[in-house]
Amino acid sequence: MAEAPSLFASVYALVAQIPPGFVASYGQLARMLGAPRAARQVGWAMRCCPDELPWQRVIREDGTIAGGEYAPLRRAMLEAEGVPFTQDGRVAIDRCRWQPGEAGLV
DNA sequence: TACGTGACTTTGG
DNA sequence: CCCAAAGCCACGT
């Protein structure tokens, strides 16, 4: 135990804790993991796309959604969860950004 | 061990 | 608004 969990694994655990209706950015997750520069690795982990991992809640700092051709699909999932969107078609991350102490702290 | 790759972020034009 | 380049770190081969 107490092994050094690869950033890869840490991301999964963190994303899995994001409550519905909230979203987080790659850089923010990386920052929580203690690697403010590992935003790319976070996205890389998402690339695995595990079905157990609601990576749709993980978007860019700008509020835009990544995932290539799946991006528009994830956007619909976020809308179904109650995530607010802007007229620009981007996530209103300013209103639904997951923060420590939010519903996830339950 | 080294190189290549990438679903990011930031700054500048 | 759009585009481009640089910096960054970890994983796979």
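Just so we're clear, the structure is a prediction, and the values are computed from it rather than from any experiment. Chain identifiers are assigned alphabetically (A, B, ...) following the order of the sequence lines, protein sequences preceding nucleic acid strands; residue numbering begins at 1 within each chain. In what follows, every heavy atom counts, from backbone to side chain, and hydrogens, waters and symmetry copies are set aside.
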Visitor: Under 4.0 Å between a side-chain nitrogen and a carboxylate oxygen: does that hold for A:Glu79 and A:Arg74?
Guide: no
Visitor: Contact class for A:Arg60 vs. all strands (heavy atom < 4.0 Å): base, sugar-phosphate, or nothing?
Guide: sugar-phosphate
Visitor: Which whole-number value in Å describes the distance from A:Tyr12 OH to B:dA7 C1'?
Guide: 12 Å
Visitor: Taking 4.0 Å as the cut-off, does a side-chain nitrogen or oxygen of A:Ser6 come that near to OP1 or OP2 on C:dC11?
Guide: yes
Visitor: Where the side chain of A:Arg90 is defined as all heavy atoms beyond and including C-beta, which of C:dC1, C:dA10, B:dA7 is the nearest nucleotide?
Guide: C:dC1
Visitor: What is the distance from CG of A:Leu29 to P of B:dC8, rounded to the nearest Å?
Guide: 12 Å
Visitor: Across the strands shown, which category fits A:Gly27 at heavy-atom distances under 4.0 angstrom: base, sugar-phosphate, nothing?
Guide: sugar-phosphate
Visitor: Among C:dC8, B:dA7, B:dT10, find the nucleotide with the atom closest to the side chain of A:Glu61.
Guide: B:dT10
Visitor: I'd like to check the side-chain contact (heavy atoms from CB on, under 4.5 Å) partners of A:Ala71; sequence neighbours left out, ordered by chain and number.
Guide: A:Ile65
Visitor: When you check the gap from the basic side-chain N to the acidic O, do A:Asp62 and A:Arg60 get nearer than 4.0 Å?
Guide: no
Visitor: Could you check how far CZ of A:Arg31 sits from C1' of B:dT10, rounded to whole Å?
Guide: 12 Å
Visitor: If I take atom CG in residue A:Leu33 and atom C1' in nucleotide C:dC11, what distance separates them, rounded to the nearest angstrom?
Guide: 15 Å
Visitor: From CG of A:Asp62 over to C1' of B:dT11, roughly how many Å is that when rounded to an integer?
Guide: 13 Å
Visitor: With a 3.5 Å cut-off and just heavy-atom distances, do the side chain of A:Arg40 and the base of C:dC8 make a donor-acceptor pair?
Guide: yes
Visitor: Quickly work out the A:Arg47 CZ to B:dC8 P distance and round it to whole Å.
Guide: 11 Å
Visitor: Which whole-number value in Å describes the distance from A:Trp44 CH2 to C:dC11 P?
Guide: 7 Å
Visitor: A quick test of your reading: do over 12 heavy atoms of other residues, nucleotides or ligands sit less than 6.0 Å from OH of A:Tyr70?
Guide: no
Visitor: Go through B:dC8, C:dC11, B:dA7 for me and flag the one nearest to the A:Ala39 side chain.
Guide: B:dC8
Visitor: Is the shortest side-chain N/O distance from A:Arg37 to OP1 or OP2 of C:dC8 below 4.0 Å?
Guide: no
Visitor: Closest to the A:Met46 side chain: C:dC8, B:dC8, B:dA7?
Guide: B:dA7
Visitor: Does some side-chain heavy atom of A:Trp55 sit less than 4.5 Å from a side-chain heavy atom of A:Val11?
Guide: no
Visitor: A:Ile93 CD1 to B:dT9 C1': how many Å, rounded?
Guide: 13 Å
